[in-house]
Novice: 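Encoded as structure tokens, here's the structure I'll be asking about.
It should be emphasised that the depicted structure is a prediction, and the values quoted were computed from it without experimental measurement. Per chain, numbering begins at 1; letters A, B, ... match sequence-line order.
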Amino acid sequence: MTTENTPAVEDDLPEQLRIRREKRAGMIERGVEPYPVAVERTKSLKDIREKYTGLEVDVTTGDIESLTGRIIFKRDTGKLCFATLREGDGTELQAMLSLDKVGQEALDAWKSDIDLGDIVSVTGEIITSKRGELSILAHSWKLASKSLRPLPNDHKPMSEETRVRMRYVDLIVRPEARVAARMRPQVMRSLRDTFNNFDFIEVETPMLQVMHGGAAARPFKTFSNAYDMDLYMRIAPELFLKRCVVGGIERVFEINRNFRNEGADSSHSPEFAMVESYMSYGDWRSIADVTRTLIQNAAMAVAGSHVVTHADGSQKDLSGSWKEISLYDAISEGVGETVTALTPHADLKKYAEKLGMKIDPKWVTGKLAEEIFEHVASDQLIEPTFVMGYPVDTSPLVRAHREIPGVVEKWDLYVDGFELATGYSELIDPVIQRDRLVEQAQLGAKGDLEAMQVDEDFLRAMEFGMPPMGGMGMGVDRLLMALTGLGIRETILFPLVKPEVE
RNA sequence: GGGCCUAUAGCUCAGUCGGUAGAGCAACGGACUUUUAAUCCGUGGGUCGACGGUUCGAGCCCGUCUGGGCCCA
């Protein structure tokens with residue numbers, strides 16, 4: 001039984017795995033290749049489904065084709081066998097194998113060698129069965145790839161853990177997984193189309209950075225042997241995109257991965273796709289319009305409407321111009337006192353304590369205000385809402401509000417209760433920018449792990465003159481969440497999971 | 001970081017009061033030329049997440065650890 005090609009079957013394997021390995025070995029013994037280099041395929045199952053829609057019951061077409069697919073249903077009877085083939089997009093077609101067409105030997109081999117999950121090529125005539133099912137009636141068949149593991153029960157959903165750990169199986173068995181996987185590239189294409197229509201230029205900027213910056217977040221640190229120095233995985237592309245604007249790429253965007261060394265939950269992944277964009281001679285309002293257009297066009301691309309249907313069946317209306325609320329007005333309403341960006345830290349702390357909030361003593365005044373906002377208002381942010389006007393001390397890259405003291409021209413866009421995007425009127429004064437970054441570095445020196453560093457090259461770029469501009473950033477995974485109602489791990493094909501223990 | 005839930009056959013899950021480990025699908029052997037989660041007859045498949053404790057006896061009770069989920073900060 002054992003040959004060079006067929007190592008000894010491990011006898012400690014579970015029964016079903018062992019049997020399939022034995023089938024593979026047996027086929028090789030008989031000179032049948034379980035993993036051939038090529039099999040016949042003249043059309044896709046989808047081609048067949050489209051070509052023969054509306055065919056009458058129990059007809060023969062005379063058309064001979066070779067079709068391939070994974071067997072997801074198999075019913076062997078005495079002299080007539082049925083199988084359902086499925087291809088990658090979920091299209092299915094029935095294959096029929098009858099004794100009088102394929103002969104005794106091929107029929108017996110089909111019954112004994114072929115299992116659920118195997119990929120096969122079937123050559124035969126396109127017909128409809130007596131029950132009206134569009135089918136291929138085999139003249140011959142060939143194994144394309146032997147599956148050594150049984151597929152999960154097709155009729156019971158896999159547990160969430162199994163789906164994430166074995167996404168390849170999830171994609172085989174669960175239609176929603178196939179839809180989600182195909183929706184992301186649709187959204188990406190839509191985002192790029194929208195940017196192109198607005199004459200934005202796409203760039204790619206470093207993911208491995210000597211300094212991290214552009215957001216308040218803890219970075220992943222790594223080390224370059226060649227340069228003998230520490231490097232950081234980027235937390236945001238902002239400072240490089242702004243360098244592009246200095247260089248005259250007046251409208252610029254990037255869609256790429258960011259990495260943040262922080263907690264992971266149903267809306268946070270350590271690596272996540274982000275679209276970030278800067279528009280010269282724009283401001284926080286014009287970039288908000290761009291952002292809304294990006295999202296509405298993406299909805300149109302995947303749902304054909306600005307009203308999207310979530311996984312739970314609920315409908316979310318993303319149409320229109322969207323609600324705007326002021327951050328400090330919302331806080332004032334929530335605490336029953338007038339709160340502004342000038343309200344002292346001690347007063348904010350008093351309000352927060354009254355709300356029963358747990359307060360981190362490291363929070364600066366602006367951070368405390370934002371935390372109070374999230375505590376009192378986040379439930380009201382289900383419909384798309386721009387929250388306008390953030391405190392200056394948490395927004396070191398944003399320019400001061402043109403009227404309101406202590407506030408910067410920054411908005412956060414909330415949908416379904418989570419932050420989907422953020423946008424600014426960008427700070428372009430290099431002297432103020434240096435002061436803000438130095439403040440950040442001082443916070444960092446005092447132990448704030450999310451503080452930014454002083455990026456001298458970035459400041460030098462600004463000193464050459466940066467046009468007034470609006471900028472925005474949006475999580476692509478979160479955009480998919482807003483469009484589908486799925487958790488972030490369902491929008492990412494292969495989210496990080498801890499290794500299984502042996 | 002804190003709280004709650006959870007881990008049993010390939011998959012999805014039951015498992016009562018602590019007393020020989022169960023189902024459906026899947027698998028194996030047999031019958032069946034129109035099945036659609038076929039049907040019928042028969043059969044096999046388990047380190048009950050890991051380690052420790054209590055007990056005459058632990059899937060079940062207790063502790064620790066690990067993985068997963070939900071909620072909170």
Novice: Going by salt bridge (Lys or Arg N to Asp or Glu O under 4.0 Å), name the residues that satisfy it together with A/Asp76, two or more places apart in sequence or in a different chain.
Specialist: A/Lys74
Novice: Looking across every strand, which nucleic acid part, if any, lies under 4.0 Å from A/Thr162 by heavy atom: base, sugar-phosphate, or nothing?
Specialist: sugar-phosphate
Novice: Using heavy atoms and a sub-4.0 Å distance, could you list which residues of residues 132-143 of chain A are near RNA chain B? By number, please.
Specialist: A/Glu133
Novice: Between A/Asp100 and A/Asn153, which residue's closest nucleotide on RNA chain B lies nearer the 5′ terminus?
Specialist: A/Asn153
Novice: Starting from P on B/U33, measure out to CG on A/Asp58 and report it in whole angstrom.
Specialist: 17 Å
Novice: Apply side chain to side chain donor-acceptor pair (under 3.5 Å) to A/Thr394 and list each qualifying residue two or more places apart in sequence or on a separate chain.
Specialist: A/Glu370
Novice: Between B/C25 and B/C72, how far apart are the two P atoms, rounded to whole Å?
Specialist: 40 Å
Novice: Using a cut-off of 4.0 Å on non-hydrogen atoms, how would the nucleic acid contact of A/Asp360 be classed: base, sugar-phosphate, or nothing?
Specialist: nothing
Novice: For A/Arg182, which residues count as a salt bridge (Lys or Arg N to Asp or Glu O under 4.0 Å) partner, sequence neighbours excluded?
Specialist: none
Novice: Base, sugar-phosphate alone, or nothing: which one does A/Leu116 contact when heavy atoms must sit under 4.0 Å apart?
Specialist: sugar-phosphate
Novice: Rounded to whole angstrom, note down the C1' distance from B/G19 over to B/G30.
Specialist: 38 Å
Novice: Between B/G44 and B/U55, how far apart are the two C1' atoms, rounded to whole Å?
Specialist: 34 Å
Novice: Nearest whole angstrom, please: distance from the C1' of B/A9 to the CD1 of A/Ile19.
Specialist: 13 Å
Novice: Separation of A/Asp118 atom CG from B/G10 atom C1', in whole Å?
Specialist: 15 Å
Novice: Using the P atom as the reference point in each nucleotide, state the distance between B/U39 and B/G63 in Å, no decimals.
Specialist: 46 Å
Novice: Return each pair, listed once, that meets side-chain hydrogen bond (donor to acceptor under 3.5 Å, both in side chains) where at least one residue sits in residues 334-348 of chain A; pairs must be two or more places apart or across chains.
Specialist: none
Novice: Reading nucleotides 68-73 of chain B from the 5' end, what letters show protein touch, with B for base, S for backbone sugar-phosphate only, - for no heavy atom under 4.0 Å?
Specialist: SSS--S
Novice: Should the heavy atoms of other residues, nucleotides or ligands under 6.0 Å from NZ of A/Lys23 be counted, would the total exceed 12?
Specialist: yes
Novice: Considering only heavy atoms and no angle criterion, is a donor-acceptor pair shorter than 3.5 Å present between the side chain of A/Gln16 and the base of B/A26?
Specialist: yes
Novice: Quick one: is B/U33 close enough that its OP1 or OP2 comes under 4.0 Å of any side-chain N or O from A/Ser98?
Specialist: no
Novice: Could you give the distance separating B/G52 and B/G59 at their P atoms, to the nearest angstrom?
Specialist: 14 Å
Novice: A/Lys156 has an atom NZ; how far is it from atom P of B/A9, in whole Å?
Specialist: 15 Å
Novice: Using distance alone, with no hydrogens and no angle criterion, decide if A/Thr68 and A/Arg41 have a side-chain donor and acceptor under 3.5 Å apart.
Specialist: yes
Novice: Let me know, please, whether A/Lys74 or A/Gln94 comes out on the 5' side of the other along RNA chain B by nearest nucleotide.
Specialist: A/Gln94
Novice: Please name all residues satisfying salt bridge (Lys or Arg N to Asp or Glu O under 4.0 Å) with A/Arg184, sequence neighbours left out, ordered by chain then number.
Specialist: A/Asp477
Novice: How far, in whole Å, is B/A9 from B/A23 if one measures between their P atoms?
Specialist: 14 Å
Novice: How far does the P atom of B/U47 sit from the matching atom of B/G1, given to the nearest Å?
Specialist: 33 Å
Novice: Taking the C1' atom in each of B/C40 and B/G22, what is the distance between them to the nearest angstrom?
Specialist: 23 Å
Novice: Within 45° of the six-membered ring axis of A/Tyr424 and under 6.0 Å from that ring's centre, is NZ or CZ of A/Lys410 located there?
Specialist: no
Novice: Between B/U39 atom C1' and A/Leu80 atom CG, what is the distance in whole Å?
Specialist: 15 Å
Novice: Counting Watson-Crick and G-U wobble pairs only, both distances under 3.5 Å, name the nucleotide matched with B/C4, or none.
Specialist: B/G69
Novice: What is the distance, to the nearest angstrom, from the NZ atom on A/Lys130 to the C1' atom on B/U33?
Specialist: 7 Å
Novice: Go through the steps for A/Thr61 and A/Glu125 under the test side chain to side chain contact (heavy atoms under 4.5 Å, CB included), then give the verdict.
Specialist: CA-CA 7 Å; A/Thr61 64; A/Glu125 183 181 2; 4.2 Å; yes
Novice: Please list, for nucleotides 30-32 of chain B, all pairs of protein and nucleotide N/O atoms separated by less than 3.5 Å.
Specialist:
{"from": "B/C32", "atom 1": "N4", "to": "A/Asp76", "atom 2": "O", "distance (Å)": "3.1"}

Novice: With under 30° as parallel and over 60° as perpendicular, where do the rings of A/His401 and A/Trp284 fit, or are they tilted in between?
Specialist: perpendicular
Novice: Could you work out which one of B/C25, B/C28, B/G10 sits closest to the side chain of A/His155?
Specialist: B/C25
Novice: With sequence neighbours excluded, what pairs up with A/Asp230 under the salt bridge (Lys or Arg N to Asp or Glu O under 4.0 Å) test?
Specialist: A/Lys221
Novice: Enumerate the residue pairs fulfilling salt bridge (Lys or Arg N to Asp or Glu O under 4.0 Å) with a member in residues 135-145 of chain A, sequence neighbours excluded, ordered by first and then second residue.
Specialist: none
Novice: For the pair made of CD in A/Glu15 and P in B/A27, what is the distance, rounded to whole Å?
Specialist: 11 Å
Novice: With salt bridge (Lys or Arg N to Asp or Glu O under 4.0 Å) as the rule and sequence neighbours excluded, what pairs involving residues 47-65 of chain A come up?
Specialist: A/Lys43-A/Glu65, A/Arg49-A/Glu133
Novice: Using Watson-Crick or G-U wobble geometry with both distances below 3.5 Å, tell me the partner of B/C13, or none.
Specialist: B/G22
Novice: Taking ring-ring contact (aromatic ring centres under 6.0 Å, His included) as the test, write out the residues that go with A/His375, two or more places apart.
Specialist: none
Novice: Quickly work out the A/Arg21 CZ to B/A27 P distance and round it to whole Å.
Specialist: 17 Å
Novice: Scan every strand shown for a Watson-Crick or G-U wobble partner of B/G46, both distances under 3.5 Å, and answer none if you come up empty.
Specialist: none
Novice: Which listed nucleotide (B/C28, B/C11, B/U34) is nearest to the side chain of A/Lys23?
Specialist: B/C28
